[in-house]
Amino acid sequence: MLRSRRRVPHLHLIAKGLSCSCSSSLHHATHLWPNTPQQQQLLKHLVSLLQKHSSSRQATQQVHSHFITSGFLHSHQSTSHILLLVNTLLRCYSLGQFPLEALLLYKNLNCLSFDSFTYTFLLHTCANLHSIFSGLQLHALVVKVGFQSQVYVQTALVYVYAVCGSLHEAMHVFHEMPERNTVTWNVMISGLAKWGHLQLSRSLFDQMPTRTVVSWTAIIDGYTRMNQPVEALSLFRRMVIYEGIKPSEMSLLAIFPAISIMGALKICQSVHAYGEKRGFNTSNIRITNSLIDSYAKCGCIKSASTLFEDTSAQRKNLVSWTSIISSFAMHGMGKEAMESFERMEEVGMKPNRVTFLSLLNACSHGGLVEEGLKFLNKMLNSYQIVPDIKHYGCLIDMLGRAGRLEEAEKMALGIPVEILNVVIWRTLLGACSFHDNVEMGERVTGKILEMEREYGGDYVLMSNIFAGVGMFVDAERLRKLMDKRKIFKVPGHSLV
DNA sequence: ATAGGGTTAG
């Protein structure tokens, strides 16, 4: 899943910044500072500080304010030294949580003459913002200032376009490039794979001169995501056995879902062993979490829970807890899921919406209706989590399975219309069918027809209810209605 | 001094 998009206000500021010569505050400078050795020292110090703490927002901001107050811009400091600091600042911002700061800094410093490093970092900012608009503006700027044939800049351009899903533009830049390196190829391949263009991605993968572990991981991840676990696993084997490339932690994370889809317990075990050998399992909690999930999905809840128990409390994060709860849920072990949840609360870990979804799912599958309702209450009141449509779907499924149809219907009717979907009514209709409640089945079918007139499956389900309780006349009438609307039953599939 | 792949979900 893509990370949530952040909005970029005032993009015109960037373009504006180019046209005027200097930001107004600089005009107030009345004198130039002497080029003291202390200042030179300070510059170097700030750069190395940033390089050491490149992921710390606080450090970045402190260096930034030092930079502003130091008067470097009015000094006789060598501009290349200043630019190094500015570029490093831009890089830190672009990688951090507030990439917009990079664009603003750039805009405020338009009297500097920037280099290709600057534009590389700025483009990464756009990628992190998922802002195709600022990406396009920067592309234009890059052409204007003449850095359009620098490999790093072009690769960053391909990256921005690929991240934003503008694959035509990405391919265009890619094809125009006079020289490409491995990173360029990897960016293009993973961009295409990420957006589901597997064949194209694969053909580039096959074409590229040298494939690194990143290339392999990107294409494997593509196959996994596109639900082609066999190809994913066969590529993984080829990478390890024939190419002699060592899988990285990310390679393992990419292959786990494929293992899960296939339910390949043996492979899961050998990847587990490999991770153990490389020390991944103990250094990377994500690997452990994925392993727990995969073991459960391969049907081995024992291994999942053993692995969970063997992981120290220190290392367990929210995902670890959520994973074990969802593991128990998929094995119908409601009690165990509840116990895990309670233990989680005891150690002070705060559940999120996914945790509650897994927990409610466990209650639903384990037939723990009262408990499920209690947890819903807890979610609302103790944690102030607003249920989304999946929570509702789970709860209605839970009530419906238990035959508490009136409560289920009441809950369905209380779902905000903005999030209500037809899956909810289908879930309830399934319960009506199971419990032979014709009256409610009719009402619910009406709701479904309102929302989706073209889909035939529900007519059939409804007519099965009628037929099932001996109302052949009505069943006949419904089928005729279907014929009239030229509806035919399509093979069932879940939309959830 | 630069860039690429990442865990949980009815």
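Throughout, protein chains are lettered first and strands after them, A, B, ... in sequence-line order, and every chain is numbered starting at 1.
- The side-chain hydrogen bond (donor to acceptor under 3.5 Å, both in side chains) test applied to A:N181 returns A:T184, not counting sequence neighbours.
- A:S320 and A:S323 form no side-chain donor-acceptor contact under 3.5 Å, judged by distance and modelled atom types alone.
- Residue A:Y159 is in sugar-phosphate contact alone, with no base atom involved, counting any heavy-atom pair closer than 4.0 Å across all strands shown.
- Using a 4.0 Å heavy-atom criterion, one finds that A:V47 contacts no nucleic acid atom at all.
- When heavy atoms are screened at a 4.0 angstrom cut-off, A:S323 is found touching the sugar-phosphate backbone but no base atom.
- Heavy atoms of A:T155 sit under 4.0 angstrom from at least one base atom.
- A:T212 comes within contact range of at least one nucleobase, with a heavy-atom separation under 4.0 Å.
- The separation between A:Y119 atom OH and B:dA1 atom P is 21 Å, rounded to whole Å.
- Taking the 5.5 Å centre cut-off and the 30° plane limit, the aromatic side chain of A:F117 is classed as stacked on B:dA1.
- A:W321 has its ring centre less than 6.0 Å from the ring centre of A:F308.
- A:V187 comes within 4.0 angstrom of sugar-phosphate atoms only, judged by non-hydrogen atoms across all strands, and of no base.
- Contacts with DNA chain B (heavy atom under 4.0 Å) in residues 293-315 of chain A: A:D293, A:K297, listed by number.
- Residue A:N281 contributes atom CG, which lies 13 Å from atom C1' of B:dT7 at whole-angstrom precision.
- Within 3.5 Å, a donor on the side chain of A:Y152 pairs with an acceptor on the base of B:dA3, or the reverse.
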